[in-house]
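Working notes for the structure below.
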2 protein chains.
Amino acid sequence: MDDVIIDRLSDVFRSHGYEGASLSKLSEATGLQRASLYYRFPGGKKEMAEAVLAQIDSRIATQILDPLRAPGSPSERVQGLVDGLKTLYQNGHASCLLEALSLGEGQNLFGSLIAGAFEAWIDALASVAADSGHDSATAKRLAEEVIISIQGALVLARGRNTNAPFIRVLENLPRNLLAETT
Amino acid sequence: MDDVIIDRLSDVFRSHGYEGASLSKLSEATGLQRASLYYRFPGGKKEMAEAVLAQIDSRIATQILDPLRAPGSPSERVQGLVDGLKTLYQNGHASCLLEALSLGEGQNLFGSLIAGAFEAWIDALASVAADSGHDSATAKRLAEEVIISIQGALVLARGRNTNAPFIRVLENLPRNLLAETT
DNA sequence: GTCTATAATAGGATAGAC
DNA sequence: GTCTATCCTATTATAGAC
């Protein structure tokens, strides 16, 4: 499926959530009429959201999980993650799709998909934290705290219309995740 | 205005956002027919959301800001805050209204209200952090980090359907906000 | 593959009885 | 104050031309 179409659909779901993403908005964002969207996504809005989630799953894989699993020191791998997060969240100006789609009807439809995405994310972070020298319980806790700070920074950024908290969270991320290498 | 009605409206806006909160859902949640809701809120859905925001503003004042400004040591004041947060967010099982209403159309309608609520919250946290011995720049930074961790924990709790991260954030909150009192 | 046109349903809002 | 009935618009979805 055309990646640029899905990008435009993502923008709408990301900023309006599942219920707020009307066919009119999706049509306008993509430049395709409703009927054309139904040609590409016979399942309608639900199938569009599924395609968007599948794409973000693959983006999380390439922008977040792959860098963490790449060869190199934990510190280098985490720097790859930080760069990926900057891209994925447009420097803090874009909301998280998982967050937006976990509200309301989206929660019912995609709850387990979303939960799974968070789990995979935490596992990958915990793995690099462990490689840096933390025991596995600490690594898991730090991984969760890193996700929390990213998600919280995105919420605060949207609420106050400034990306400063997101930038700072990314700056502190390596220090907060990895063991001191003295 | 009847507080219990607004509580029921809040539940809907909190879990569905502004656009997802349909009159049908609002009607069902309150047990009032649409026309009765319009009798109480002539401005319709927008006025209902305004009432909900006004109530949460007052809840934030009593559950969050007042404890922080109460007489007592910073540590005692922060403990009052932690208790207030537990109540406000139902131990981590409820999303933040400010977060839910800052999506989509809610952002357009209530953006500055929401931004103001976050500012007041940060200021109050920074004030108690400063009282505990931090310089004002550090106090502000720690206050923002505390809000970030609360919001992030609520997002992660919703996404994974567990309140464990929220509970842990509350446990660590005093340590993360206040200067060591040795 | 995309369009215009159109149906069917849901959403927001009002009128008027009680 | 709350209800039933109703209106108008928006939304989801489909049919059929090109």
Side-chain angles (χ1 to χ4, degrees), chain A residues 1-55 95 97 100-111 113, chain B residues 1-55 95 97 100-111 113:
Chain A
M1 181 61 59
D2 201 344
D3 245 31
V4 66
I5 296 288
I6 301 190
D7 279 339
R8 298 292 83 76
L9 296 177
S10 288
D11 293 341
V12 180
F13 284 112
R14 198 199 298 278
S15 46
H16 292 270
Y18 185 76
E19 289 158 308
S22 67
L23 273 270
S24 312
K25 293 191 186 94
L26 295 165
S27 165
E28 192 189 354
T30 54
L32 291 172
Q33 296 295 336
R34 287 139 200 256
S36 302
L37 284 174
Y38 275 91
Y39 174 80
R40 289 161 179 256
F41 306 94
K45 190 163 116 169
K46 185 177 170 219
E47 191 175 333
M48 296 180 216
E50 280 164 356
V52 158
L53 275 169
Q55 190 197 243
S95 299
L97 251 168
L101 287 177
S102 67
L103 265 183
E105 183 63 8
Q107 172 76 265
N108 301 329
L109 294 172
F110 313 116
L113 252 169
Chain B
M1 182 59 62
D2 200 344
D3 245 30
V4 66
I5 295 289
I6 300 190
D7 279 338
R8 298 291 83 75
L9 296 176
S10 288
D11 292 341
V12 179
F13 283 112
R14 198 199 298 278
S15 45
H16 292 271
Y18 185 75
E19 289 159 306
S22 67
L23 272 270
S24 312
K25 292 191 188 94
L26 295 166
S27 165
E28 192 189 353
T30 54
L32 290 172
Q33 295 296 336
R34 284 146 201 251
S36 302
L37 284 173
Y38 275 91
Y39 174 81
R40 288 160 180 258
F41 306 94
K45 188 163 118 169
K46 185 177 169 221
E47 191 175 333
M48 296 180 217
E50 280 164 356
V52 158
L53 275 168
Q55 194 205 45
S95 299
L97 251 167
L101 287 177
S102 67
L103 266 182
E105 183 64 8
Q107 172 77 267
N108 301 329
L109 294 172
F110 312 115
L113 252 169

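For the numbers below, each heavy atom of this structure counts, side chains included, while hydrogens, waters and symmetry mates do not. Below, chain A is the first sequence line, B the second, and so on; all start at residue 1. Quick caveat: nothing in here was measured; it's all calculated off a predicted structure.
Asp2(B) pairs by the salt bridge (charged side-chain N to carboxylate O under 4.0 Å, His left out) definition with nothing, not counting sequence neighbours. Under the rule for a salt bridge (charged side-chain N to carboxylate O under 4.0 Å, His left out), the partners of Glu50(A) that lie at least two apart in sequence or sit in another chain are Lys46(A).
Separating the OH atom of Tyr39(A) from the P atom of dG1(C) is a distance of 5 Å, rounded to the nearest angstrom. Rounded to an integer number of Å, the gap from CD of Glu105(A) to C1' of dG11(C) is 15 Å. What separates CD of Gln33(A) from P of dT4(C) is a distance of 5 Å, to the nearest Å. Rounded to an integer number of Å, the gap from Leu26(B) CG to dA10(C) P is 17 Å. Summarising the geometry, the separation between CG on Leu37(B) and P on dG11(C) is reported as 14 Å, rounded to the nearest angstrom. Distance CZ (Phe41(A)) to C1' (dT2(C)): 14 Å, rounded to an integer number of Å.
Atom CG of residue Leu37(A) and atom CD of residue Glu47(A) lie 11.0 Å apart, to the nearest 0.5 angstrom.
Sorted by first then second residue, the side-chain hydrogen bond (donor to acceptor under 3.5 Å, both in side chains) pairs that include residues 21-45 of chain B, not counting sequence neighbours, are Glu19(A)-Lys25(B), Ser24(B)-Arg34(B). Residue pairs satisfying the side-chain hydrogen bond (donor to acceptor under 3.5 Å, both in side chains) criterion with at least one member in residues 101-111 of chain B, sequence neighbours excluded, are listed as follows: Arg158(A)-Ser102(B), Glu105(B)-Asn108(B).
Heavy-atom minimum distance, Phe13(A) versus Leu26(A): CE1-CD2, 4.0 Å. Taking all atoms of both residues into account, the shortest heavy-atom contact from Val52(B) to Ser10(B) is CG1-OG, 3.4 Å. Nearest heavy-atom pair, Val12(B) versus Ala21(B), reported as atom, atom and distance to 0.1 Å: CG1-CB, 3.7 Å.
One end of the helix from dG1(C)-dC18(D) to dC18(C)-dG1(D) points its axis 0° away from the other end's axis, with each axis taken from 5 pairs and the angle rounded to 10°.
At least one side-chain nitrogen or oxygen of Ser36(B) sits closer than 4.0 Å to the OP1 or OP2 atom of dC3(D).
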*Using a 4.0 Å heavy-atom cut-off, write out nucleotides 12-18 of chain C from 5' to 3' as B (base contacted by protein), S (sugar-phosphate only) or - (no contact).*
BBBB---
